[in-house]
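The model shown is predicted, which means the values in this text are computed figures rather than measured ones. Basis for what follows: all heavy atoms, side chains included, without hydrogens, waters or symmetry-related copies. Here is the naming used below: chain letters follow the sequence lines, and residue numbers restart at 1 for every chain.
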Amino acid sequence: MLSFIAQRLVKGVIVLLAIIVLNFFLIRLAPGDPAVVMAGEAGASDQIFVAQLREKFGLDRPLPEQLLIYVKGIASLDLGFSFRQQAPVARLIAERLPATLLLTLTAFAISLGLGILFGVLAARFAGTVLDTAITVLALVFYATPLFWIALIAILLFSVWADWLPSFGYETVGAGYVGLRHALDVGAHLVMPAATLGLFFMATYTRMTRASMLEVKRLDFVKTARAKGLRDGVILRRHVLRNALLPVVTLAGVHAGTLVGGAVLTETVFAWPGIGRLMYDALIQRDYNLLLGVFVVSSAMVLIFNLVTDLVYRLVDPRIEFSA
Amino acid sequence: MLKRVLLGLVVGCGLTAVHAEEPKLGGVVNAVIQPEPPGLMLAMVQNGPTQMVSGNIFEGLLRYSPKLEPLPGLAESWTISPDAKVYTFKLKPGVTWHDGKPFTSADVLFSIEMLKQTHARARNNLVMVEKVEAPDDLTVVFTLKEPFGPFIGIFEVGSMPMVPKHLYDGTDYKTNPNNNTPVGTGPFMFKEWQKGSFIRLVKNPNYHEKGKPYLDEIYWQIIPDAAARSVAFETGKVDVLPGGSIENFDVPRVSKLPGACVTGAGWEFFSPISWLWLNNRNPILANKKVRQAIMYAVDRDFAKDVIWNGLGKVATGPSVSTIKFYSDDVPKYAYDPAKAKALLKEAGYKGEKIRMLPLAYGETWQRWGEAVKQNLQDVGMNIETIATDVPGGNQKIMEWDYDIAFTYLYQYGDPALGVSRNYITSAIAKGQLFNNVEGYSNPEVDKLFADGATAPTDAKRKEAYDKVQKILAEDVPVAWLLELQFPTITKCKVKNLITTGIGVNDGFRDAWLDK
């Protein structure tokens, strides 16, 4: 197993390098550069100003040289400097990463836990009112745009009921510490995490239900039943365990997008995470920062793919490792 | 509808003003800042949000009234020599930087040298300066090469912020660590900045105007979504929405919320004006008749009433009615599609394709682009909209790769500072923004703008600007749309926020909270 992980890590580094080079050129295909953006924002520009900015961003050098400098930096774990924000890219990302991980991991946990639970319930009581209710709700949440759910949630719970804060990560200026602070962050977390979680929950519910019903029909389940095992045991140990594999696959894919995937939610709820950082960097053509976010989120995808493979093995010991 | 709201507010707020209340001390104000500024070092970064936050931290030598008359700032008095070439400023004694070091004329001299390298607008404003001297610690003397009428208008904090010499002299400006913790002389001091969340400023206890500021703290909240910003105001989490914080269509609704006060004041210095850049190099648009036809074809009253919810004013020409030397004695273009069609026919336009770039600044501009496209199609023009984001659009415009493009620019209080740059021949330079990108060139206009800038008396200046406005309105180098208005919406408990011609950008020095 260790050699499997090692081999996968080596492959991962090669893939990462390819991603970096590809992204480097892709980003520069977009018209406009940071100097253009900053000149525009300043409301004035002359030759010297734009030239100074280009020099500052290193844009006056030939493209291959820029790439070489960048890759060299990455090799020494230096993600470069965001001239626009006057700070090292690694620090900017590190500042935002906890907020994003808190949001997406919570959403992920909610969606996976509830999704599987509802899926199992729906499959167990297939054809009943409960099943119909779960299926319809899942379909609604699956089909409704995220931002709309977010806005309605704000309207309901912030504007009308005044139960939950509508934006931000914590109550600014309140100076809470300890448990009070945790509760405060928690209150801010409820709506964005629920909004983001609902969509994925709907996916897992539908997936689990379908998969359960399929496994239920297989011969070994009939055998188990013939042996006289109790329903609960059959459902848990025979059906669910086998039905989970496709859900794990899907969850693995989703987990990879945890870092960069919450742009919309973070924007609507003013959550200070990576998604917004990436979006701002794109709008401002902050090349180094944008590449930095790409590198980090690509690395996350690679890592989560590896983790998914390991989880497969846990869920189904018949699966063997080979790189 | 908005008029009614404004009237109601005048009455409502007027009642409290009658008592001439004493400012109360203390309190925290939450304001919205949008988008998040790239930095707060005003001498290095000049975009709108930076000016808005940093106007509290830094100060200029002068401030300007809503009528754009100079007011004392870091300079408590000034004299202008009879030949209008020597400006002598007396600095206020006892002013200190936030770190306790005294502010002196040496800081002024240093700031000017630094700004010439880092601040494009300051560099251009200072072109006429022959030398700057500091005979003593509290005196600064500017000697000009020749009289320059707008010179007294360039000392506002955003145009010429004062920088602490002791922290910047001899360092690499770009990487100076103080850029992240700016030190100024202003009423508020930088405290902390949580990227993506908020910027926090605290009261400067040693501020040179005794008793001010009244507030303890300001939080500038960073909320990226426009709808979320209006909700934040609605739920009382935010007290100040500076102009442009929420979408225009939301302004009437939010203005009517209980406890909301609205004002259009505070934009006199910037006086934003929107227009369509018409690429005069395009053979079709090179024809004056086609350009005039566009002026007749675009329904600007409709745009004002429907797209901008009644905010703003239809522009008459290159100058905005709130800046110096504005003249409305110019050819006018009322909405007249029939006349537009006739002019197009005269010009021999046969339906050639024209590319139009809307401004990627949100919904209002998107809709405006659609409305203008419709207007122009109605008179028979073949318009193709090019979709792009801001950097892409900027690049196209500065490389002259467009036919018609939306924009809006500030006028900085004086035609020589904010108007002439868009029309004079010497301002044609590829690869730059906000100059004469339309490629209009008229020697007479060049001469009149030059005269207007250097004439020794205001009467002479006015003469030149009256003429040039007439010529430009006749020639239509660009198609002027609206004098824009960005109303500032506040909770009524925030008093005395906007007192000068630069509005919120002048900082919260006079503001207080009625608890």
note = Honestly, the part of B/A232 sitting under 4.5 Å from a heavy atom of chain A is both
query = Side chain, backbone, both or neither: which part of A/Q86 has a heavy atom under 4.5 Å from chain B?
reply = both
request  = Measure the CD-CD distance between B/Q194 and A/E170 for me, rounded to the nearest 0.5 Å.
outcome  = 5.5 Å
Side chain / backbone / both / neither for A/T267 at chain B, heavy atoms under 4.5 Å = both
ask   = Which bit of A/Q85 comes within less than 4.5 Å of chain B, counting heavy atoms only: side chain, backbone, both or neither?
value = both
query = Contact part of B/K430 toward chain A, heavy-atom cut-off under 4.5 Å: side chain, backbone, both or neither?
reply = backbone
query = Within a strict 4.5 Å, meaning less than it, do heavy atoms of the A/V159 and B/V231 side chains meet?
reply = yes
query = Is it the backbone or the side chain of B/T118 that comes under 4.5 Å from a heavy atom of chain A, or both, or neither?
reply = backbone
task = With a 4.5 angstrom heavy-atom cut-off, could you sort out which part of B/Y410 is near chain A: side chain, backbone, both or neither?
result = neither
ask   = So, A/R285 and B/D389, do they make that salt bridge, N to O below 4.0 Å?
value = yes
query = Tell me, do B/M398 and A/V36 make a side-chain contact under 4.5 Å, heavy atoms counted?
reply = yes
ask   = Quick one: are A/F167 and B/Q221 in side-chain contact, heavy atoms under 4.5 Å?
value = yes
request  = May I ask you to test the A/R276-B/I222 pair for a side-chain heavy-atom distance under 4.5 Å?
outcome  = yes
task = Go through the atoms of B/N179 and report whether side chain, backbone, both or neither lie under 4.5 Å from a heavy atom of chain A.
result = side chain
